[in-house]
Number of protein chains: 2
Amino acid sequence: MKRDSRLSGVLHVLLHMAEMEGPVTSEALAGIMQTNPVVIRRTLAGLREQGLVTSVKGHGGGWRLCCDFDTVTLHDIYVALGEPAVFAMGNRTESPGCLVEKAVNAHMNDAFQQAEAVLMARLRDVTLADLSRDFHRGLQRRDHSHCSS
Amino acid sequence: MKRDSRLSGVLHVLLHMAEMEGPVTSEALAGIMQTNPVVIRRTLAGLREQGLVTSVKGHGGGWRLCCDFDTVTLHDIYVALGEPAVFAMGNRTESPGCLVEKAVNAHMNDAFQQAEAVLMARLRDVTLADLSRDFHRGLQRRDHSHCSS
DNA sequence: TCTTCATGCAACAAACAATATTACATGAAA
DNA sequence: TTTCATGTAATATTGTTTGTTGCATGAAGA
C-alpha cells in the first residue's frame, strides 16, 4: 500500500512557515518540500477552510499562519485534511451477508477502533508548539540551519 | 488507499474450513471467497509455514487445519501473513536530514507505535475459537446456512 | 490600463501497491 | 498414464496517491 504522507508533510510545512517572516508562496514551500506547488495548495486548502492558514493572491501574496500553535493539536490538522484513512488493513467486505464474515468483522472492527482511539488521543496530546519546541531543541544541539529539504 | 484485506480474508477461510469435513481445495475456498484459487494458495502458504494448516497435492488433496483454535490468536495469523503494514499514513521521509522533519517524525512515530501496540494487544486477545463461537451464536439467532459468499 | 505574480481549480498523467489471472511445473491418487 | 491438486513465477488489472499541465481569477505595481 502507498502510505499517505500528507499529515507528516503538512506539519513540516507549518513548522517551516512558523520560522519565516511574512507570507510564503506555494512555490517556496514546494521547494522546501521537494514537491509541486499545486500539491501544497491542495493540502493547505483544507487548513484554510478550518481557519488555520490564510492565502492571498497576487503580488506579495502567499500563505500565512493564522492559528495558535499552543492550542492547535495534530488531531486538528488531521481533521483539516479530511480525516484520511488510518489503517492499511481492512475488512474484505463491510456489509457481508456471510455470518462468518460478520463475526470476523465484528472482532476486527473492535480491535481497529480501539487502536484508532489511542492514535487520536495521542494526536490530541501534541500541539504544534510541542513540535516547534522539539525542533528548536534539536537546533540548539546541532548548530546549523534548520532545513535542507 | 487500497486496503489490505488478507487478514480479514484468511480468517474467513479458516472459519469456513473448520465447518467442513476433510481437506478443502483452493478451488472450493476461492468459490466461497469469490476470488482466485491462486490467491488462496498464496495466502495460506504463510500459514502453512507456521504450521497452522497443511496442504496435500493430487487426488483428494487440498487444505486442512492443523492448529488449536483455542490457542491460536488473530495476532498469530497476522504474523503468519508476514506482519503486513498496519497504517495507511506514514512519514514523508523515514531518515530526514531536516530537523523539522525529525521533530515531526518523532511525535508521529510515538503516536503510531502506541496505537499499533494496542492493536496487537487486541489481536492477541482474540482466538480463532472466539470467532467460531460468535459465528455459531449468530447461526443460532438466524437459522440458516452459514454462508452464501 | 496593462503587465506580472500568485492562488484556485479541474483535468490528466505517472508511480505504486494489492489483487487477479495465466501458464506451466510438480507430485499424488485412481 | 491420466486426472487432480498444489507451487510458483510472470503478467495484467484495478485503485490510490502524488505529480503535472493548463487556464481562470484576482491583486499589486509600473
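Residue numbers begin at 1 in each chain, while the letters A, B, ... track the order of the sequences. Basis for what follows: all heavy atoms, side chains included, without hydrogens, waters or symmetry-related copies.
Remark: A/Ser26 is not in phosphate contact with C/dA6, judged by side-chain N or O atoms under 4.0 Å from OP1 or OP2. Here A/Thr25 does not reach the OP1 or OP2 of C/dT7: none of its side-chain N or O atoms lies under 4.0 Å away. Not one side-chain nitrogen or oxygen of B/Ser55 sits closer than 4.0 Å to the OP1 or OP2 atom of D/dA5.
Between B/Met108 and A/Leu11 the shortest side-chain heavy-atom distance falls below 4.5 Å. The shortest distance between side-chain heavy atoms of B/Val10 and B/Ile77 falls below 4.5 Å. Put simply, the side chain of A/Val100 reaches to within 4.5 Å of the side chain of B/His16, judged on heavy atoms. At a threshold of 4.5 Å between non-hydrogen side-chain atoms, the residues B/Leu81 and B/Leu7 count as touching.
For B/Val38, the side chain to side chain contact (heavy atoms under 4.5 Å, CB included) partners at least two apart in sequence or on another chain are B/Asn36, B/Arg41, B/Arg42. Residues satisfying the side chain to side chain contact (heavy atoms under 4.5 Å, CB included) criterion with B/Arg122, sequence neighbours excluded, are A/Asp110, A/Ala111, A/Gln114, B/Val118, B/Asp125. For A/Ala18, the side chain to side chain contact (heavy atoms under 4.5 Å, CB included) partners are A/Leu65, A/Phe69, not counting sequence neighbours.
Between the CG atom of A/Leu29 and the P atom of C/dT7 there is a distance of 8 Å, given to the nearest Å. Put simply, CD1 on A/Ile40 is 12 Å from P on D/dT20, counting in whole angstrom units.
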With pairs defined as Watson-Crick or G-U wobble and both distances under 3.5 angstrom, please note down DNA chain D as a dot-bracket string, | for pairing with another strand. ||||||||||||||||||||||||||||||
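Applying the ring pair (Phe, Tyr, Trp, His ring centres under 6.0 Å) test to pairs two or more places apart or on separate chains, those with a residue in residues 108-127 of chain A are A/Phe87-A/Phe112.
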Taking protein heavy atoms under 4.0 Å as touching, what does nucleotides 20-30 of chain C look like 5' to 3' if B marks base contact, S marks sugar-phosphate-only contact and - marks none? BBB---BBBB-
